[in-house]
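The structure appears below as structure tokens.
Chain A is the first sequence line, chain B the second, and so forth, proteins listed ahead of strands; every chain is numbered from 1. As the structure is a computational prediction, the values presented were derived from the model and not from experiment.
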Amino acid sequence: MPTPLPPDFYARSTLTVARELLGARLVRMLDGVRLSGTITETEAYVGETDLACHARAGRTPRTQVMYGPPGRAYVYFTYGMHWMLNVVTEPENFPCAVLIRAVEVIEGQELVAARRPGVAKPQWTDGPAKLCVAFGITGDLNAVDLTRPVAGLWVEAGEPVPAENVTIGPRVGLYSVPEPWKGMPWRFLRRREK
DNA sequence: AGCACGATTAACT
DNA sequence: GTTAATCGTGCTC
């Protein structure tokens, strides 16, 4: 029996959720195969006042899932070719989310290898759009409930990452976002092991 | 008009 | 081996 992280996990401060998602396990049922990966990089996007967050535009068809209950998926399309996976955080009507930027594939390596032909393992899922390709995540999964194993996508508890292995820095890929939002240290990544 | 990107290329060391 | 620059693509507002 899968045991997804409960709504209470997501109903907290977005920064806390982003930090604690490091080490957690992203699980995807695809073609009858269980894929999973350890989350290694996240970014927090916090409300309408965060000018890097899509919710800066207010409640629109695209952003409305962020206004809904925590623990849902916010999947959106950008740059004409890329899907991105976020998890909705905080109580309803506070539009926030954590972008899942990278995972390390654990289960289902054969299927992922087949989905990422010609790509070496470390590059299978080391970017937010790459992991969506590897795990078969598209707009079909927007707004699904990640706290129950009903949609074939959820997050399980993993191995906690100790503070000394966490690197914190500014979010990336924000081209024209003004300060102070552009420089806010809201990116969390697990330091490379070895 | 403007993207919460990634691959390719071109320049370096 | 590295970093920097370019641009395709189509959805959102």
Side-chain angles (χ1 to χ4, degrees), chain A residues 10 13-22 24 26 37 39-68 70-90 94-105 112-144 146 153 155 166-190 192 194:
Chain A
Y10 300 101
S13 150
T14 306
L15 293 181
T16 300
V17 176
R19 163 66 180 85
E20 294 196 7
L21 276 174
L22 293 180
L26 180 69
I39 297 172
T40 59
E41 183 177 350
T42 60
E43 281 177 3
Y45 290 87
V46 187
E48 295 175 351
T49 55
D50 174 6
L51 294 184
C53 181
H54 289 161
R56 68 184 179 273
R59 196 188 283 258
T60 68
R62 183 204 215 190
T63 61
Q64 76 171 26
V65 63
M66 283 197 283
Y67 290 80
R72 306 280 264 267
Y74 168 42
V75 181
Y76 71 90
F77 187 78
T78 192
Y79 289 108
M81 58 189 100
H82 300 305
W83 292 101
M84 305 279 152
L85 171 65
N86 302 248
V87 300
V88 175
T89 60
E90 313 256 6
F94 186 16
C96 305
V98 173
L99 171 67
I100 309 298
R101 288 192 57 87
V103 305
E104 185 180 282
V105 180
V112 173
R115 297 183 61 84
R116 306 279 288 129
V119 179
K121 184 179 176 185
Q123 281 77 247
W124 283 349
T125 52
D126 66 346
K130 296 182 188 180
L131 73 90
C132 285
V133 171
F135 278 24
I137 294 167
T138 68
D140 293 347
L141 290 170
N142 189 44
V144 301
L146 300 175
L153 182 67
V155 182
V166 177
T167 300
I168 298 175
R171 296 172 290 184
V172 299
L174 279 42
Y175 291 90
S176 52
V177 174
E179 296 292 358
W181 307 110
K182 188 173 184 166
M184 294 303 261
W186 288 354
R187 177 186 187 214
F188 300 83
L189 64 161
R190 189 185 67 176
R192 278 190 288 257
K194 250 185 263 190

(message) Suppose we call a contact any N or O donor and acceptor under 3.5 Å apart; does that hold for the side chain of A/His82 and the base of B/dA4?
(response) no
(request) Give the rounded distance in Å between these two atoms: CE of A/Met66 and C1' of C/dT12. (result) 13 Å
(message) Over all strands shown, is A/Arg62 touching base, sugar-phosphate only, or nothing at heavy-atom distances under 4.0 angstrom?
(response) sugar-phosphate
(request) Using atom CE of A/Met81 as one end and atom P of C/dG10 as the other, report the distance to the nearest whole Å. (result) 8 Å
(request) Consider the side chain of A/Ala129, meaning its heavy atoms from C-beta on, and name the nucleotide among B/dG6, B/dA4, C/dG10 that approaches it most closely. (result) B/dG6
(message) Could you tell me the Watson-Crick or G-U partner of C/dG8, where both distances fall under 3.5 Å? Say none if there is no partner.
(response) B/dC5
(request) Could you tell me the separation between the OH atom of A/Tyr175 and the P atom of B/dA4, rounded to a whole number of Å? (result) 9 Å
(request) Give a yes/no on whether any side-chain N or O of A/Lys130 is located under 4.0 angstrom from OP1 or OP2 of B/dA7. (result) yes
(request) Supply the atom-to-atom distance A/Leu22 CG to A/Glu41 CD, rounded to the nearest 0.5 angstrom. (result) 9.0 Å
(message) Is it the case that the base of B/dA4 and the side chain of A/Tyr76 share a donor-acceptor contact (distance under 3.5 Å, atom types as modelled)?
(response) yes
(request) Return the value, rounded to whole Å, for the distance between atom CH2 of A/Trp83 and atom P of C/dT12. (result) 7 Å
(request) Grab the CE-C1' distance between A/Met84 and C/dG10 for me, whole Å please. (result) 13 Å
(request) Would you tell me if any nitrogen or oxygen in the side chain of A/Arg187 comes within less than 4.0 Å of OP1 or OP2 on B/dA4? (result) no
(message) Tell me if a side-chain donor or acceptor on A/Thr14 pairs with a main-chain N or O of A/Val98 at a distance below 3.5 Å.
(response) no
(request) Take the angle between the ring planes of A/Trp186 and A/Trp181 and call it parallel below 30°, perpendicular above 60°, tilted in between. (result) tilted
(request) Kindly say if A/Ser176 contacts the phosphate of B/dC3, meaning a side-chain N or O under 4.0 Å from OP1 or OP2. (result) yes
(message) For a quick check of understanding: with a heavy-atom distance under 4.0 Å over all strands, which category does A/Leu99 fall into, base, sugar-phosphate or nothing?
(response) base
(message) Please report the distance, rounded to the nearest Å, between OH in A/Tyr45 and C1' in B/dA4.
(response) 4 Å
(request) To the nearest Å, give me how far apart CG (A/Asn142) and C1' (C/dC11) are. (result) 13 Å
(message) Distance check needed: C/dC13 C1' versus A/His54 NE2, whole Å only.
(response) 12 Å
(request) Determine yes or no for a side-chain-to-main-chain donor-acceptor pair under 3.5 angstrom, with A/Arg116 supplying the side chain and A/Gln123 the backbone. (result) yes
(message) Mind checking if A/Tyr79 touches a base, just sugar-phosphate, or nothing, with heavy atoms under 4.0 Å?
(response) base
(message) Applying the side chain to side chain contact (heavy atoms under 4.5 Å, CB included) criterion to A/Pro128, which one of A/Thr42, A/Leu99, A/Asn86 satisfies it?
(response) A/Leu99
